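Just so you know, these numbers use all the heavy atoms, side chains as well, and skip hydrogens, waters and symmetry mates. Note that the structure is predicted; figures quoted are calculated from it, not measured. Each residue takes its place number in the sequence, starting with 1.
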Amino acid sequence: MIDDSIKSLTDFIKDQIKQGYTWNDISKLTLADLKLMDYVFEEKKTTIDKAFPFLF
């Protein structure tokens, strides 16, 4: 569980650096910032009947 979290954070940092952010920018992020970013960018999944209830 901890290993997965560390890997996820490492992947996040590498991705942000690839997008042009500096380590200084990334290191200023708080846990609340990370949670918000995780929520915003998480893959949204739903069933077709919930996405298009008027079809059923």
Met37 reachable from Trp23 in the ILVMFWY side-chain graph, under 4.5 Å edges: yes

Members besides Ile2 in its Ile/Leu/Val/Met/Phe/Trp/Tyr cluster (side-chain heavy atoms under 4.5 Å): Ile6

Counterpart residues, side-chain contact (heavy atoms from CB on, under 4.5 Å), relative to Leu34 (two or more places apart): Leu9, Phe12, Leu29

Partners passing side-chain hydrogen bond (donor to acceptor under 3.5 Å, both in side chains) against Thr22 (at least two apart in sequence or in another chain): Asp25

Pairing residues for Ser27 by the side-chain hydrogen bond (donor to acceptor under 3.5 Å, both in side chains) criterion, not counting sequence neighbours: none

Smallest separation among heavy atoms of Gln16 and Ile26, with atom names: CB-CD1, 3.6 Å

Pairs meeting criterion salt bridge (Lys or Arg N to Asp or Glu O under 4.0 Å) with involvement of residues 8-23, two or more places apart: Lys7-Asp11

